[in-house]
Amino acid sequence: MSSTRFDEITALCKRRGFVFQSSEIYGGLGATYDYGPLGVELKRNVREQWWRDMVYANKNIEGIDAAILMHPRVWEASGHVDAFHDPLIDDKASKRRYRADQLVEQHIDRLRSKGKTERADTVQKRFTEALNAEDMPKALHSLILSEEIRGPDSGAFDWTDVRQFNMMFETKVGALAGEDSSIYLRPETAQGIFVNFQNVLATSRVQIPFGIAQIGKAFRNEIVARQFIFRMREFEQMEMQYFVHPGTQLEAYELWRSRRWDWHVRNGIPASKLRWHVHEKPAHYADAAVDIQYEFPIGWQEIEGIHSRTDYDLSRHQEYSGKKMQIFDQASGSRFIPYVVETSAGLDRTVLMLLCEAYRKDVVEGRSRTVMAFAPSVAPIKVGVFPLLRKDGMPERARAITDALRREWNVFYDEKGSIGKRYRRMDEAGAPLCITIDRDTLEGEGVTVRNRDTLEQVRVADGQVPAFVSDAMRGAA
Ligand code: GAP
C-alpha cells in the first residue's frame, strides 16, 4: 500500500537527512535504514522521553541494557524457535509476497468502510476460526480463496499456498561453525528482561508489583518489508515488563493500556488518530493482548502492543534453566512465579508516526512551504540562529548566542542564503524557533524570534534569549 503523502514524507526524510537507505551506494539492503543527522536527534529525543516517563517517573520501574546475543536455549524456552512464524502467501502474477492474515484483515476493513457490516462480521468470525484452526495456513488459504481476495498490487487472483516462515536471524558464534554454535539475533528485547528478573530483584529495592524497562535493537527476517521504516529487519523496541501477583494481571493490563495511550497523546498525537486493535489470536505467550494503532497515510497500523503474558516466560525459563524464577510472598509465606504485563513500543515506528503527524504544507506570503510541526520536546533542532548579514559584527553576535544556547539545546547556525530560504530550511527540519540578529540587535534592541507554527515574530532582549527558549521548549512561551 502506498500514498502520495507517504511518498512525500519518505522523500523529505532523505532530502533533509532524517533517514537514508542502508548501504545505498551498493543499491541498498532491503528493509534496513540508517538515521541521518536530523533523524538521529529525533530518535534520541523519543528514546529519552520514553525512558524519563517510564523509568524516572515510576519509582517501581528499573532499567537494564541486556545483550543482543543470548544463549540459544532462551529462544527454545520462550517458544520463538517453534512458534515465531508469519503465514506468508505469494501472488503469482506480481511475484510479491504478503502476510496472509493481513490480507484478510485489510479485506475486513474494506468491507466495514463500505458499510457492509454484517458481511464483515461473518468474515471476522471465520478469520478467528482460521487463526485458531489446527492447520492455520490451510484455513487462511481457503478463506482468501472463498472471499476472492485479490493481490493488492496486481489485482490478480492467483495465489500460492500459505506457508509458515520463522522470522529469527540465525548466526554462528566462535571460530568453528558447527551445529551447536548456532545462535539467534534477539527478535524481541523482552527475553533479556526475563532472564535478568532475579538479578534486578536481588540488586535493587523494587518489590512486586514492579517493572523492568529496556530500549534496544531487535531483529526479524521480515519478508514483507516495503513500508519504509515501518517494517524493518533491524529495529529498536522500547519494552517494559511489569511483574505482578497472579490474579492481578488484568488490572495491571488495564492500567498500562491507558497509560501508554496517554503517552502518545502527550507527545502530540491526536486521540482521533489512534485506535485499539484487540488481537483475535494473542501470541503464544499471552492471555490478553491489544495494539495501539495509528492512522498512517498508508492506513491504520500498529505502533505498540500491550500484552498480558501470564507466567509463561518465567515458568518456561525456570523449566529450561533449572533456576528458580519465583519470589517469596511475605503475606502468605509461600513462593510464586509472577505474572507479567508488557508494554512494547517500536521506537522506529514511533518516529515514523511523529514524522507523519508533523508533516504539513501551507502557504506563507504567497509561497508554499513544507513544515515539520514537531512538538518542541522531540524536535531534532530546537533553534535556528541567523545573522541577517555576513558583516558589521552580526555573525559574531549570532555565534555568541548560538554558543550560549548550545550548552543546553541542539542549535543550528546558518549564515548562507536569503533569510526566507534559511527559514524554509529550518521549517523542513522542524525547528520550533528561529532567531535573527540584525542591525537593531547591534543597537541594543534585542533579537527577532520567529515561531515556526504561528509565524509570529517577537523581539527579545539578548540576555533573555536562553530563558525565552527554555520556556518555549517547555511549551510555556
Ligand atoms: N515483546 C513483544 C513484541 O515484540 P510485537 O508486537 O511483535 O511484540 C512490538 O512488537 C512492537 O515492536 C510493535 O508494536 C512495533 O512497534 C515494533 N515492531 C515489531 N516488528 C517491527 C519491525 N519489523 N520493524 C519495526 N518495528 C517493529
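Whatever order the structure lists ligands and atoms in, that order sets their numbers, starting from 1.
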D348 touching ligand 1 at heavy-atom level, < 4.0 angstrom: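 Outside the 4.0 Å threshold, so no.
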Listed partners of F197 passing ring pair (Phe, Tyr, Trp, His ring centres under 6.0 Å), at least two apart: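 Ring pair (Phe, Tyr, Trp, His ring centres under 6.0 Å) list for F197, sorted by chain: F243.
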Contacts of F230 that satisfy ring pair (Phe, Tyr, Trp, His ring centres under 6.0 Å) - sequence neighbours left out: F296
In terms of atom number and element, which parts of ligand 1 are under 4.0 angstrom from non-hydrogen atoms of [X]?
X	value
E188	1 (N), 2 (C), 3 (C), 4 (O)
E304	14 (O)
F230	24 (N), 25 (C), 26 (N)
R309	1 (N), 2 (C)

Starting from [atom], what is the nearest protein heavy atom, named by residue and atom, and what distance separates them?
atom	value
atom 9 (C) of ligand 1	S344 OG, 2.9 Å
atom 18 (N) of ligand 1	F235 CE1, 3.5 Å
atom 7 (O) of ligand 1	R220 NH1, 2.8 Å
atom 6 (O) of ligand 1	E302 OE2, 3.0 Å
atom 17 (C) of ligand 1	G346 CA, 3.6 Å
atom 2 (C) of ligand 1	E342 OE1, 3.0 Å
atom 24 (N) of ligand 1	M232 N, 2.9 Å
atom 8 (O) of ligand 1	H307 CE1, 3.6 Å

Over all atoms of both residues, closest heavy-atom pair of Q164 and P137: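 Scanning both residues completely, I find the closest heavy atoms to be CG-CG, 3.7 Å.
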Region of E239 that comes within reach of ligand 1 [heavy atoms, distance under 4.0 Å]: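 Side chain only.
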Part of T189 with heavy atoms under 4.0 Å of ligand 1, whether side chain, backbone, both or neither: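 Looking at T189 and ligand 1, no heavy atom falls under 4.0 Å.
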Row check, W50 ring normal vs R47 NZ/CZ: under 6.0 Å, within 45°: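 No, cation not above the ring by the 6.0 Å, 45° rule.
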Gap separating the OH atom of Y242 from the CG atom of N60, nearest 0.5 angstrom: 4.0 Å
Looking only at side-chain N and O atoms, does [Y] offer a donor or acceptor that is under 3.5 Å from a partner on [X]?
X	Y	value
E239	Q214	no
D153	Y98	yes
R259	T343	no

Within-cut-off N or O pair, P187 and ligand 1, under 3.5 Å: no
R316 vs D82, salt bridge (Lys or Arg N to Asp or Glu O under 4.0 Å): CA-CA, chis, key distance, verdict: CA-CA 14 Å; R316 295 275 290 193; D82 287 337; 5.4 Å; no
Best match, Q237, Q227, Q301: closest heavy atom to atom 10 (O) of ligand 1: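 Shortest heavy-atom distance from atom 10 (O) of ligand 1: Q237.
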Test item: Q227 and E222 side chains (from C-beta on) under 4.5 Å apart, heavy atoms: no
Flag if over 12 foreign heavy atoms under 6.0 Å of CZ, F328: yes
